[in-house]
Amino acid sequence: MTSEIIDTKDLKNDPVFGQLSFDNHEQIVFCNDEDTGLKAIIGIHNTTLGPALGGTRMWQYKSEWEALNDVLRLSRGMTYKSAVTGLNLGGGKAVIIGDAKTQKNDALMRKFGEFVNSLSGKYITAEDVGMETRDMDVIREVTPHVTGVSEAIGGSGNPSPVTAYGVYMGMKAAAKYKFGTDNLEGKKVLVQGVGHVGETLVKHITDEGAQVILNDINEARLEELSKKYGTKVVLGNDIFGLDLDIYAPCALGATLNDESIAQLKAQVVAGAANNQLANELKHGTMLKERGIAYAPDFLINAGGIINVYAEVEGYDKAESLKRTENIYNTTLEIFNLSEKENITTHQAAFNIAQARIDARKKEQNS
């Protein structure tokens with residue numbers, strides 16, 4: 001396995017500590033193994049509330065710089081995701097540079113697991129883009145610091161269905177706030193990205209009678225799911241000007257930016273993707289000024305971590321679903337707080353999460 005090596009002249013000034021996404025990370029671990037070709041980065045943002053739990057993503061990044069920035073943003077997001085949902089967990093994430101379809105193998109997974117194990121539980125890994133439950137089982141062979149392993153060996157299994165359920169709850173809450181009802185029947189919903197989470201979300205909302213449009217880079221997948229769920233399909237990136245009620249980004253992040261928000265006709269944004277706002281302050285404000293109800297991603301996509309947290313705390317699937325269903329109530333609280341304090345929904349959710357972290361830190365220091 002090989003990856004692009006950045007030339008020194010291409011490095012930006014202050015490539016780590018000076019970046020906005022660094023945001024006082026506690027630890028960044030660069031993992032390299034010549035025999036397996038492993039090149040990975042583990043980001044540990046904050047462990048005030050507990051060990052840093054977050055998935056591992058395997059992706060063919062264009063550069064090491066892109067991989068570093070991604071893991072920093074993702075691990076930071078996990079801190080606030082766990083905090084706002086009341087979990088005693090910190091924020092961490094990992095990325096493996098490579099093509100999951102052609103370069104992933106058991107030896108690579110075990111070697112990555114050894115790096116995770118070297119952190120002695122400060123970071124606990126799980127499944128993310130490009131990874132499967134079986135990969136977590138292989139990692140478990142070399143470290144106990146992994147969640148989302150198969151139910152057959154005592155784990156919580158694939159977190160995607162629970163993630164999708166949380167997004168569904170958040171979407172219904174956003175609809176309740178914006179339209180006065182959480183009934184999605186007849187609502188025009190664009191789901192961008194139909195992987196494991198996206199497909200399960202599609203099932204929930206089509207079962208409720210929503211008019212669903214699918215968008216993905218995988219045309220074969222679109223054709224398959226269109227037939228399965230009776231949905232429409234739109235190809236390409238020219239999607240934001242479509243006549244929609246709800247936009248559900250469920251692929252990679254940063255789809256909410258200057259260009260897309262200016263075109264967006266949907267009145268609600270509620271999806272599973274991480275880091276949907278290209279710039280949290282600027283684009284959160286743009287959505288607010290346009291009257292678009294944005295359900296913060298790090299809140300409504302928290303079902304997955306709620307599910308795998310069961311392996312840490314020992315609660316069952318029924319409790320996972322109950323906690324995930326509460327995302328509906330928390331989302332409504334966020335919208336009401338946003339309106340009351342005249343701040344963006346992202347800032348409202350962030351403030352609640354940060355207050356919990358600050359309170360715990362005060363306890364620890366007293």
K.L.:
Within 45° of the axis and under 6.0 Å from the centre of the six-membered ring of Tyr229, does NZ or CZ of Lys203 qualify?
P.N.:
no

K.L.:
Using the side-chain hydrogen bond (donor to acceptor under 3.5 Å, both in side chains) rule, take Thr56 and Thr125 through it: C-alpha gap first, then chi angles, then the decisive distance, then the call.
P.N.:
CA-CA 6 Å; Thr56 295; Thr125 196; 2.5 Å; yes

K.L.:
Using only atom types and a distance under 3.5 Å, with no angle test, would you say the side chain of Asp297 pairs donor to acceptor with the backbone of Asn275?
P.N.:
yes

K.L.:
Not counting sequence neighbours, which residues clear side chain to side chain donor-acceptor pair (under 3.5 Å) with Arg140? List them please.
P.N.:
none

K.L.:
Under the rule for side chain to side chain donor-acceptor pair (under 3.5 Å), what residues qualify as partners of Ser226, not counting sequence neighbours?
P.N.:
none

K.L.:
If the condition is side-chain contact (heavy atoms from CB on, under 4.5 Å), which residues does Ser338 pass it with, not counting sequence neighbours?
P.N.:
Lys288, Thr345, Ala348

K.L.:
List the residues meeting side-chain contact (heavy atoms from CB on, under 4.5 Å) with Asn218, not counting sequence neighbours, and say none if there are none.
P.N.:
Asp216, Ala220, Arg221

K.L.:
Can you list every pair that meets side chain to side chain donor-acceptor pair (under 3.5 Å) and has a residue in residues 167-178, with sequence neighbours left out?
P.N.:
Tyr168-Glu208, Lys172-Glu208, Tyr177-Glu339

K.L.:
For Lys227, give me all partners under salt bridge (Lys or Arg N to Asp or Glu O under 4.0 Å), at least two apart in sequence or on another chain.
P.N.:
Glu223

K.L.:
Run the side-chain contact (heavy atoms from CB on, under 4.5 Å) test against Lys232 and tell me which residues pass, sequence neighbours left out.
P.N.:
Ile213

K.L.:
Is any side-chain heavy atom of Val308 less than 4.5 Å from a side-chain heavy atom of Val162?
P.N.:
no

K.L.:
Quick one: does Met286's side chain get under 4.5 Å of Asp258's, heavy atoms only?
P.N.:
yes

K.L.:
Go through the structure and list residues passing ring pair (Phe, Tyr, Trp, His ring centres under 6.0 Å) with Tyr247, not counting sequence neighbours.
P.N.:
Phe240

K.L.:
Using the ring pair (Phe, Tyr, Trp, His ring centres under 6.0 Å) criterion, which residues pair with Phe350? Sequence neighbours excluded.
P.N.:
Tyr80

K.L.:
Return yes when atom CG of Leu235 has more than 12 non-hydrogen atoms of other residues, nucleotides or ligands closer than 6.0 Å, and no otherwise.
P.N.:
yes

K.L.:
List in chain and number order the residues that pass side chain to side chain donor-acceptor pair (under 3.5 Å) with Thr330, two or more places apart in sequence or in another chain; answer none if no residue qualifies.
P.N.:
none

K.L.:
Please list, chain by chain and in numerical order, all residues satisfying ring pair (Phe, Tyr, Trp, His ring centres under 6.0 Å) with Phe298, sequence neighbours excluded.
P.N.:
His346

K.L.:
Restricting to side-chain contact (heavy atoms from CB on, under 4.5 Å), what partner residues turn up for Thr48, sequence neighbours left out?
P.N.:
Asn46, Ile357, Arg360, Lys361, Gln364

